[in-house]
Asks: 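After the structure tokens below, expect a handful of questions from me.
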Amino acid sequence: MSKQRVLITGAAGFLGSHLCDRFIKEGYHVIGMDNLITGDLRNIEHLFRLEQFEFYHHDVSKFIHVPGDLRFILHFASPASPIDYLKIPIQTLKVGSLGTHNCLGLAKSKKARILVASTSEIYGDPLVHPQTEEYWGNVNPVGPRGVYDEAKRFQEAMTMAYHNFHGLETRIVRIFNTYGPRMRLNDGRALPAFIGQALRGEDLTVFGDGSQTRSFCYVDDLVEGIYRLLLSDYHLPVNIGNPSEITLKQFAEEVIGLTGTKQKISYKPLPVDDPKQRRPDITRAKEILGWEPKVSRSEGLKATYDYFRSLPPEEWTRQPK
Ligand code: NAD
């Protein structure tokens, strides 16, 4: 029997590449699609020799043509870190809106089930803590982060419209900060920034007084949650993230402890609209998917540090694309 076919957009990115690995492992034929605007083919180069993997270099904001049938579509294409989406704001809005529309249209024509990657950023700077899926968010549409947050809010609305009006099988995952191998050191997010600074022997930069909180989910846990959600029959949004919350100051101290760097923390002014706290309420994921994170921060951090350390040192200083 021929394998079921899955399209993964954003396949050359951090999360997309891990999803490609997982679906190959589960016995699917994977079609990875990416325009490489923030991604890197090195994340999936180990898959090119496999018969059950194909790669399409394509911008999903333009019409998507994939010959043959498709069982699932996972739409993960989008710049994801502030440094990227502030540099390419229009592309970010387009991939969240036009790109999502194209993926939904393709899913409809192939009668495929589609899962879209939403984000905790749809909650903005939340007034409710921790964030349940019922919370509608506190987003500034015209602030610098609005290009990402509103694109993702539109993505959710469009996905629900296809579910309600076309009966499409849709899934929406609201992903909270995730980390692990294949992140980019220079993507501006706290975790790779701290590790990069430790590797280069620089002070670790904390914005504000470091009392703002984040919760970090290891990539293997996230992929497991996404896999379960896709196979479930639940169409409303589900938070997937790790509820273990930490202040950025404490987190910088953990990185200093892990890496053994002799450097200190240096403080800089807080960027505009930076969320003060972020923690998922994962009750829904627990009840519906029987999912909760398994990898501790110390294990995940060590695996991620080992990955970054294994890169050639010129990568530690590479500037963002
Ligand atoms: P990433 O930048 O590593 O990967 C995104 C990939 O999408 C890249 O390979 C990029 O080249 C590709 N891409 C962007 N625009 C495209 C387009 N128009 N056409 C084709 N390909 C395009 O980011 P990531 O961290 O892997 O994030 C993947 C998805 O998960 C994004 O949708 C992001 O919004 C979502 N997400 C990620 C996190 C996280 O913590 N990493 C949190 C919440 C949501």
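Just so you know, these numbers use all the heavy atoms, side chains as well, and skip hydrogens, waters and symmetry mates. Counting starts at 1 for both ligands and their atoms, in listed order.
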Asks: With only distance considered, is Val95 within less than 3.5 Å of ligand 1 through an N or O on each side?
Replies: no
Asks: Test of understanding: with side-chain hydrogen bond (donor to acceptor under 3.5 Å, both in side chains), list the residues that count as partners of Gln263, not counting sequence neighbours.
Replies: Asp203
Asks: Evaluate the side-chain proximity of Ile64 to Met33: yes if any heavy-atom separation is below 4.5 Å, no if none is.
Replies: yes
Asks: Taking only heavy atoms of Gly39 into account, list the atoms of ligand 1 that are under 4.0 Å away from them.
Replies: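 Taking each heavy atom of Gly39 in turn, ligand 1 has 8 (C), 9 (O), 10 (C), 11 (O) under 4.0 Å.
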Asks: Heavy atom of Arg189 under 4.0 Å from ligand 1?
Replies: yes
Asks: If you measure every N or O of Ile175 against every N or O of ligand 1, does any of those distances drop under 3.5 Å?
Replies: no
Asks: Go through ligand 1 atom by atom and flag the ones less than 4.0 Å from a non-hydrogen atom of Leu36.
Replies: 11 (O)
Asks: Out of Phe216, Tyr179, Tyr148, Tyr56, indicate the one that has the non-hydrogen atom closest to atom 36 (N) of ligand 1.
Replies: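 Checking each option, the heavy atom nearest atom 36 (N) of ligand 1 is found in Tyr148.
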Asks: So is Lys152 touching ligand 1 or not, going by heavy atoms under 4.0 Å?
Replies: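 Yes; Lys152 lies near enough to ligand 1 that a heavy-atom distance drops under 4.0 Å.
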Asks: I'd like to know if the side chain of Gln197 pairs up with that of Thr205 as donor and acceptor (distance under 3.5 Å, no hydrogens or angles considered).
Replies: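 Checked: Gln197/Thr205 side chains pair up, N/O donor to acceptor below 3.5 Å.
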Asks: If you have a sec, work out which protein heavy atom is nearest atom 3 (O) of ligand 1 and how many Å separate them, to one decimal?
Replies: Phe14 N, 2.9 Å
Asks: If you measure every N/O of Val60 against every N/O of ligand 1, is any gap under 3.5 Å?
Replies: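 Yes: some nitrogen or oxygen of Val60 is under 3.5 Å from one in ligand 1.
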Asks: What residue and atom, counting heavy atoms only, is the protein's closest point to atom 4 (O) of ligand 1, and at what distance?
Replies: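 Checked against all protein heavy atoms, atom 4 (O) of ligand 1 sits closest to Gly13 CA, 3.3 Å.
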Asks: Regarding Tyr234 and Arg284, do their side chains bring together a donor and an acceptor under 3.5 Å, going by distance alone?
Replies: yes
Asks: What residue and atom, counting heavy atoms only, is the protein's closest point to atom 15 (N) of ligand 1, and at what distance?
Replies: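 Ranking protein heavy atoms by distance from atom 15 (N) of ligand 1, first comes Ile37 CG2, 3.6 Å.
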Asks: Should the ring pair His18 and Phe14 be called parallel, tilted or perpendicular, given that the plane angle runs from 0 to 90° and is split at 30 and 60?
Replies: perpendicular
Asks: Using a 3.5 Å cut-off on N or O atoms only, is Ser118 in polar contact with ligand 1?
Replies: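 In this structure, Ser118 places no N or O atom under 3.5 Å from an N or O of ligand 1.
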Asks: Return the closest protein heavy atom for atom 8 (C) of ligand 1 as residue, atom name and distance.
Replies: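 That would be Thr38 OG1, 3.2 Å.
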Asks: For Asn177, take its heavy atoms, then give the atoms of ligand 1 lying under 4.0 Å from any of them.
Replies: 40 (O)
Asks: Test of understanding: with salt bridge (Lys or Arg N to Asp or Glu O under 4.0 Å), list the residues that count as partners of Asp59, not counting sequence neighbours.
Replies: none
Asks: Who's closest to atom 11 (O) of ligand 1 heavy-atom-wise, of Asp34, Leu74, Thr178?
Replies: Asp34
Asks: Can you find a heavy atom in the side chain of Val255 that is under 4.5 Å from one in the side chain of Ile195?
Replies: yes
Asks: Under 4.0 Å from a heavy atom of Ala80: which atoms of ligand 1 are those, numbered in the order shown and with their elements?
Replies: 23 (O), 24 (P), 25 (O), 27 (O), 33 (C)
Asks: Hydrophobic cluster membership, with links at side-chain heavy-atom distances under 4.5 Å among I/L/V/M/F/W/Y: are Ile256 and Phe207 in one?
Replies: no
Asks: Under 4.0 Å from a heavy atom of Leu15: which atoms of ligand 1 are those, numbered in the order shown and with their elements?
Replies: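 Matching atoms, with element in brackets: 26 (O), 30 (O), 37 (C), 41 (N).
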Asks: Please compare Ser17, Gly10, Gly99, Ser78 and report which has the shortest non-hydrogen distance to atom 5 (C) of ligand 1.
Replies: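 The option holding the nearest heavy atom is Ser78.
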Asks: Do Pro181 and Thr304 come within less than 4.5 Å of each other through their side chains, counting heavy atoms only?
Replies: yes
Asks: Can you tell me how the ring of His101 sits relative to the ring of Tyr162, calling it parallel under 30°, perpendicular over 60° and tilted otherwise?
Replies: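 Answer is perpendicular, since the angle exceeds 60°.
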Asks: In ligand 1, which numbered atoms sit nearer than 4.0 Å to a non-hydrogen atom of His58?
Replies: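 Ligand 1 atoms under the 4.0 Å threshold to His58: 19 (N), 20 (C).
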Asks: Looking at Ser61, which atoms of ligand 1 are within less than 4.0 Å of one of its heavy atoms?
Replies: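 What qualifies from ligand 1 is 18 (N).
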Asks: With respect to Thr119, determine whether any N or O atom, backbone or side chain, lies less than 3.5 Å from an N or O atom of ligand 1.
Replies: no
Asks: Give me the residue, atom name and distance of the protein heavy atom closest to atom 31 (C) of ligand 1.
Replies: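 Sorting protein heavy atoms by distance from atom 31 (C) of ligand 1 puts Phe76 O, 3.2 Å first.
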Asks: State the atoms of ligand 1, each with its element, that fall below the 4.0 Å cut-off from a heavy-atom position in Asp59.
Replies: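 Near Asp59, meaning under 4.0 Å from one of its heavy atoms, ligand 1 has 17 (C), 18 (N), 19 (N).
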Asks: Could you verify whether a donor N or O on one side chain and an acceptor N or O on the other, from Thr9 and His75, lie under 3.5 Å apart?
Replies: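 Side-chain D/A pair, Thr9 to His75: present.
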Asks: Answer with yes or no whether the side chains of Glu156 and Ser118 bring together a donor and an acceptor at under 3.5 Å.
Replies: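 Side-chain D/A pair, Ser118 to Glu156: present.
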Asks: Does Arg22 qualify as a cation-pi partner of Tyr227, given the criterion of NZ or CZ under 6.0 Å from the six-membered ring centre and within 45 degrees of its axis?
Replies: yes
Asks: Do Tyr179 and Val219 make a side-chain contact, defined as non-hydrogen atoms from C-beta onward lying under 4.5 Å apart?
Replies: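 They are not in side-chain contact.
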Asks: Would you mind finding which of Thr100, Asn35, Asp187 brings a heavy atom closest to atom 21 (N) of ligand 1?
Replies: Asn35
